2 protein chains.
Amino acid sequence: MPVSPAYRGEVTDDSADAQPRVPARRGRPGYGREEVLDVAVRVFTEQGYDATSIADLSKELGLTKSALYHHFASKEQLLALALERALSGLEGALERAIEEQATAADRLRAAVRGAIEVLTSQQSYVTLLLRLRGNSPVELDALDRRRRFDQRIAGLVREAQAEGRIRDDIDAGTVARLVFGMINSLVEWYRPGGAIDPVLLADDVLAVALDGLRPR
Amino acid sequence: MPVSPAYRGEVTDDSADAQPRVPARRGRPGYGREEVLDVAVRVFTEQGYDATSIADLSKELGLTKSALYHHFASKEQLLALALERALSGLEGALERAIEEQATAADRLRAAVRGAIEVLTSQQSYVTLLLRLRGNSPVELDALDRRRRFDQRIAGLVREAQAEGRIRDDIDAGTVARLVFGMINSLVEWYRPGGAIDPVLLADDVLAVALDGLRPR
DNA sequence: GTCTATAGAATGATAGAC
DNA sequence: GTCTATCATTCTATAGAC
């Protein structure tokens, strides 16, 4: 079912003297780039990128196909923008973790929490990233950037092993892949607004990864 | 690049008096249902099911499209057969685990090992199953069957918690999803014939899941 | 009048059915 | 191999808010 576009003129602020959060938009009201991208990414993750046609998106938005092309140059550009958002979110969380923590083990822990935060708050975008098959240059680029992210995580694991705060009888790359495999699998079943709090979920993930399932 | 079809007549056995492993096939030599399915599943997992056309498959096999339709009624039937194989493999491993082990904790451990064994030996088939989006009745059926499998695993976790052999401060469903999320993520990077032995890999997975990453 | 969002019709390419 | 539906995309023109 089509979603009604939000008219920018209706966006108001509670405080009387506040500046508008978004600069007033002139011209005919309707969807903006942001809203179209959000819907597109949601449909992409529901049906798959390849299986989704521009016609599908226009039906979902209640627009014609040509109206969509006013917002985006191509279907592939929609994908590229979505992947950029997912990757910059994850990379940003990793950089904050490195900045704010002193030891590799603490950085790793913070990186896990950060990744789960990004994954739960931008679920559709991250899901899209995780399902890439590398069928186009855009996808290959994103996959490569993701590979570099994974390598930075593996580096953290290696340092934490050297610190003696992570067991070193398992290869660092394997540890990184297993832990992030567990994290990434959250996109398959976590539902925003559901019963599960993202922070408590991160607690559970860290509990399993660090302490294991054996009873205390 | 096309793969040469194996002529059944060339399949021999080392021992002189052995029965042929496969009954001799009459008629024009060429691909059998099995070989076509194998190639199709590999291409599906490489490019994605939706992104793969029948023309892609025929190019890969060096056959015409009509020759392919001699082996299969539809693209969807190829998918259905592949999913059946993946699901029966996983279900079989679970049933063996339940049969051969006495306690829930041991059954769970054996189920983890069995799932990893199936995943590594039938990687393409399991990968296809894990990437389903539910876009057709065939996919919905498979997703439902997979959901029942997951519920049986969660049941094992619950029993193992009741036995006191698995920590019970984390919800059983969550534990099952996290552990199998970790296992399923293996399809993303495990490569058959590579440096990593599947049995040792299962050791690592169980080590992380049961004992965690903290040093001994 | 200016700016933005949207429509409608048409094109070339390709995939899947038969 | 042929046929037809569907796909992504483009062009030109209009509608509505300031």
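All of these numbers come straight from a predicted model, not from anything done at the bench. What's counted below: heavy atoms across the whole structure, side chains too, no hydrogens, waters or symmetry copies. Lettering follows sequence order; numbering is per chain, from 1.
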Expressed in angstrom and rounded to an integer, what is the separation of [X] atom [atom1] from [N] atom [atom2]?
X	N	atom1	atom2	answer
A:Leu63	D:dA15	CG	P	17 Å
A:Glu35	C:dT4	CD	P	15 Å
B:Glu76	C:dC18	CD	P	13 Å
A:Lys75	C:dA13	NZ	C1'	14 Å
B:Tyr49	C:dA15	OH	P	15 Å
B:Leu57	C:dG16	CG	P	9 Å
A:Gln77	D:dA8	CD	C1'	14 Å
A:Phe72	D:dT10	CZ	P	15 Å

Of the listed nucleotides [options], the one nearest the side chain of [X]:
X	options	value
A:Arg26	D:dT9, C:dG8, C:dC3	C:dC3
A:Lys65	C:dG8, D:dT9, C:dT4	D:dT9
A:Arg28	C:dA7, C:dT4, D:dA17	C:dT4
A:Ser66	D:dA8, D:dG16, C:dA9	C:dA9
A:His71	D:dT9, D:dC11, C:dT6	C:dT6
A:Ser53	D:dT9, D:dC7, D:dT14	D:dC7
A:His70	C:dT6, C:dA7, D:dG16	C:dT6

Checklist entry - Within the pair A:Tyr69 and D:dT9, is there a side-chain N or O less than 4.0 Å away from OP1 or OP2? => result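 A:Tyr69 to D:dT9 OP1/OP2: side-chain N or O found under 4.0 Å.
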Checklist entry - Does any N or O donor sit under 3.5 Å from an N or O acceptor when you compare the side chain of A:Thr64 with the base of C:dG8? => result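 Side chain to base: no pair present.
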Taking the basic N atoms (NZ, or NE/NH1/NH2) and the acidic carboxylate oxygens, is any pair closer than 4.0 Å for [X] and [Y]?
X	Y	result
A:Glu117	A:Arg113	no
B:Arg145	B:Glu84	yes
A:Arg147	A:Asp144	yes

Checklist entry - Are side-chain heavy atoms of A:Glu159 and A:Ile166 found at a separation under 4.5 Å? => result no
Checklist entry - So, does A:Arg131 use its side chain to make a donor-acceptor pair with the main chain of A:Gly48 at under 3.5 Å? => result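 It does not hold such a pair.
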Item to check | Sugar-phosphate, base or nothing in reach of A:Ser58, heavy atoms under 4.0 Å | outcome: nothing
Item to check | 5′-ward residue of the pair A:Asp56/A:Ala73 relative to DNA chain D | outcome: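 Mapping each residue to its closest nucleotide by heavy atoms, the 5'-most match is A:Asp56.
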